[in-house]
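Read the structure below first, then the notes.
Owing to the predicted nature of the structure, the values given are computational and were not obtained by experimental measurement. These values consider heavy atoms only, across backbone and side chains, with no hydrogens, waters or symmetry-generated copies. All chains are named by letter (A, B, ...) in the order of the sequence lines, taking the proteins before the strands, and each is independently numbered beginning at 1.
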2 protein chains.
Amino acid sequence: MSSKKEDLLRTSEALFYQNGFHAIGLKKIVGESNIAMMTLYNHFASKDELIMEVLNRRERQYMEQLNFAIAADPSERKKISESIYVRLARAHADWMNGRAARGCLFLRAKEEYGEDASHPIVQLVDGHKERLKAFIQSADSERTTSEVLQLCLLLEGATALAESEGPEIAARELIAITERLFADLQ
Amino acid sequence: MSSKKEDLLRTSEALFYQNGFHAIGLKKIVGESNIAMMTLYNHFASKDELIMEVLNRRERQYMEQLNFAIAADPSERKKISESIYVRLARAHADWMNGRAARGCLFLRAKEEYGEDASHPIVQLVDGHKERLKAFIQSADSERTTSEVLQLCLLLEGATALAESEGPEIAARELIAITERLFADLQ
DNA sequence: GCTTTAATAGAATGATCGTTCTACCTAGAG
DNA sequence: CTCTAGGTAGAACGATCATTCTATTAAAGC
């Protein structure tokens, strides 16, 4: 991938997250990305398509982080017995900790473009949430559908709480709750 | 209060919640409100001030609902022993159940106007979250600060989960978690 | 009846929006 | 050297934004 396109995507994600999708203009985005307007339109047909690529990239990175967390790590014997849900919560906490706390970028996209449910951005977000549920379900098949939804509720709640309390506090409470609710089964 | 102003505030809240603050224009708002543009500017100095009045109204209504839930109801003897946190969770579930599921309007406002932290809208939202914490703390003084934050996390999580799963499912899981975590103390 | 107040429709303003166009430049491949 | 592909700056487009102005109307208080 062109390094210009890389710059554009990274900068776009930061600016969308910081300002919102409608609030930020393409002029500011290409300015901060140090590219020309036509370079953006050479890579993406429209602002909507840029947004969707940003979201797809972000989903890939987030899922990678969750996936890494549940992949067995032989060097960490004592944590191996930790429940899978607690490990997922820790991975989500790690995700939050390095970043600005401005909510879930996917939900924010759905909120801004959701006036009609058939909008491609909305469908992308709905797909993301479905894939996340399916991933959690498959990560621990012993858990019920209700437990899957409860972990989703906790992860979303931590992301939202971080917006007012900061990521560290939100992460701490997320892990505390997850440990009480989803301690190891055996 | 003028009935035109009432109409305007009610319509504005619905449109802001449905579309987002930047995404909806004042032309559409006055159109749907059946008022003239100058009537809006007769009541509010700017769009920002309209937004802040909408948010203040919403906070008043939400807090009223929470307050009603913990006020002792002598006709409901069997529920009187229910923990205060569970009753707050039920009140939040009731709040969600009648409404469209588009997240927390306060956090959305902060997300859209939060590029600088001194923006009046951001300060209003921060104040709202602080007041909510203080209310929960004072509603059950036996609980620790950490437990206050945990209930906040659950309420925020339910609001977010409702955006993908619907309010009924989110409400059900919120109450299930709250009952497990915060059953009555005695 | 007269005055004041609030509301009206609609145009105007200047800014910014997403998108497109033009004309020029640069670097690497053949 | 020449060709090509991708990048450049900057203007232009029509649409929409928040805000203001104008001129008119309807109702209520004295």
So which protein nitrogen or oxygen atoms get under 3.5 Å of nucleotides 24-27 of chain C's nitrogens or oxygens?
none

Under the ring pair (Phe, Tyr, Trp, His ring centres under 6.0 Å) test, residues paired with A/Phe106 that sit two or more places apart: A/His128
Tell me every residue that passes salt bridge (charged side-chain N to carboxylate O under 4.0 Å, His left out) with A/Glu156, counting only those two or more places apart in sequence or in another chain. A/Lys129
All salt bridge (charged side-chain N to carboxylate O under 4.0 Å, His left out) counterparts of A/Arg180, not counting sequence neighbours: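 Partners of A/Arg180 by the salt bridge (charged side-chain N to carboxylate O under 4.0 Å, His left out) criterion come out as none, since no residue qualifies.
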Salt bridge flag under 4.0 Å for residues A/Arg10 and A/Glu6: yes
For residues 18-38 of chain B, which residues have at least one heavy atom under 4.0 Å from DNA chain C?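 Only B/Lys27, B/Asn34, B/Ile35, B/Ala36, B/Met38 qualify.
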Among pairs that include at least one residue of residues 101-116 of chain B, which meet side chain to side chain donor-acceptor pair (under 3.5 Å), considering only residues two or more places apart or in two chains? B/Gln18-B/Arg102, B/His22-B/Glu112, B/Lys110-B/Asp126, B/Asp116-B/Ser118
Under the side-chain contact (heavy atoms from CB on, under 4.5 Å) test, residues paired with B/Ile24 that sit two or more places apart: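 Partners of B/Ile24 by the side-chain contact (heavy atoms from CB on, under 4.5 Å) criterion, ordered by chain and then number, come out as B/Leu15, B/Phe16, B/Asn19, B/Lys28, B/Ile29.
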Rounded to the Å, how far apart are [X] [atom1] and [N] [atom2]?
X       : N      : atom1 : atom2 : answer
B/Asn42 : D/dT22 : CG    : C1'   : 16 Å
B/Tyr41 : D/dT19 : OH    : C1'   : 5 Å
A/Glu49 : C/dG18 : CD    : C1'   : 14 Å
A/Leu8  : D/dT8  : CG    : P     : 11 Å
A/Leu40 : C/dT19 : CG    : P     : 9 Å
A/Lys47 : C/dC17 : NZ    : P     : 8 Å
A/Phe44 : D/dG6  : CZ    : C1'   : 15 Å

Please determine whether a side-chain nitrogen or oxygen atom of [X] lies at a distance below 4.0 Å from atom OP1 or OP2 of [N].
X       : N      : result
B/His43 : C/dA7  : yes
B/Lys4  : C/dA7  : no
A/Ser46 : C/dG18 : no

If you look only at pairs with a residue in residues 163-174 of chain A, which of them pass as a salt bridge (Lys or Arg N to Asp or Glu O under 4.0 Å), with sequence neighbours excluded? A/Glu165-B/Lys133
Which residues pass the side-chain hydrogen bond (donor to acceptor under 3.5 Å, both in side chains) test with A/Arg58, sequence neighbours left out? A/Glu13
Step by step, would you call A/Lys4 with A/Asp7 a salt bridge (Lys or Arg N to Asp or Glu O under 4.0 Å)? CA-CA 5 Å; A/Lys4 294 282 176 185; A/Asp7 293 350; 5.7 Å; no
